[in-house]
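Accompanying notes for the structure given below.
One-based numbering along the sequence shown.
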Amino acid sequence: MTLRLLVDESGDSRTLRRLLAAAGHTVVTPIDVGLLRARDPKIFAYAQAHGLVILTRNPRDFLRLHAEH
């Protein structure tokens with residue numbers, strides 16, 4: 001099973017992206033999609049609209065956003 005991931009700025013690293021891509025997963029970052037330094041609601045909306053799972057080191061705000069939708 002492959003995943004479609006959006007790795008947010010707090011969790012982004014070249015090594016992580018390389019390993020995930022090598023495992024066959026789709027990996028995008030906010031900078032890839034024009035959302036560098038965007039606030040969490042905008043990142044969440046983009047991920048939701050494009051069927052992406054958010055990978056982050058700071059899940060608290062995204063959990064709140066998820067509960068609201």
Side-chain angles (χ1 to χ4, degrees):
M1 177 174 149
T2 61
L3 300 173
R4 294 176 35 82
L5 302 166
L6 188 153
V7 181
D8 84 344
E9 293 175 58
S10 72
D12 189 22
S13 80
R14 286 185 202 152
T15 302
L16 176 61
R17 282 183 278 145
R18 183 179 48 79
L19 291 170
L20 289 168
H25 303 296
T26 300
V27 181
V28 297
T29 64
I31 197 167
D32 296 333
V33 296
L35 294 174
L36 182 64
R37 294 185 182 85
R39 300 195 59 99
D40 291 342
K42 196 164 188 176
I43 299 288
F44 182 84
Y46 183 89
Q48 188 177 38
H50 292 88
L52 299 166
V53 175
I54 298 172
L55 186 60
T56 182
R57 288 185 181 174
N58 184 17
R60 186 176 340 155
D61 292 336
F62 291 110
L63 289 171
R64 181 183 50 77
L65 289 166
H66 178 71
E68 292 173 0
H69 290 86

Side-chain polar contacts of residues 59-69 - donor-acceptor pairs under 3.5 angstrom, sequence neighbours left out - could you list them?
from: R64; atom 1: NH1; to: E68; atom 2: OE2; distance (Å): 3.2
from: H69; atom 1: ND1; to: L65; atom 2: O; distance (Å): 2.8

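Between the CG atom in D40 and the NZ atom in K42 there is a gap of 13.0 Å [rounded to 0.5 Å]. One distance of note links CZ of R4 with NE2 of H25; it measures 13.0 Å at 0.5 Å rounding. Note that CD of E9 is 9.0 Å distant from CG of L35, once rounded to the nearest 0.5 Å. Distance check, rounded to the nearest 0.5 Å: CD1 of I54 to OG of S10 gives 10.0 Å. Summarising the geometry, atom CG belonging to D8 is positioned 12.5 Å from atom CG belonging to L52; distances are rounded to the nearest 0.5 Å.
Summarising the local packing, CD1 of I31 is surrounded by 12 or fewer heavy atoms from other residues, nucleotides or ligands at distances under 6.0 Å.
Of the residues T29, L3, L16, L6, the one that meets the side-chain contact (heavy atoms from CB on, under 4.5 Å) test with L55 is L16.
H50 is linked by a ring pair (Phe, Tyr, Trp, His ring centres under 6.0 Å) to Y46, counting only residues two or more places apart in sequence or in another chain.
You'll find the side chain of V28 stays beyond 4.5 Å of the side chain of V7, heavy atoms only.
Neither side chain, N58 nor T56, offers a donor N or O lying under 3.5 Å from an acceptor on the other.
Closest non-hydrogen pair, V27 versus A21, comes out as CG2-N, 4.1 Å.
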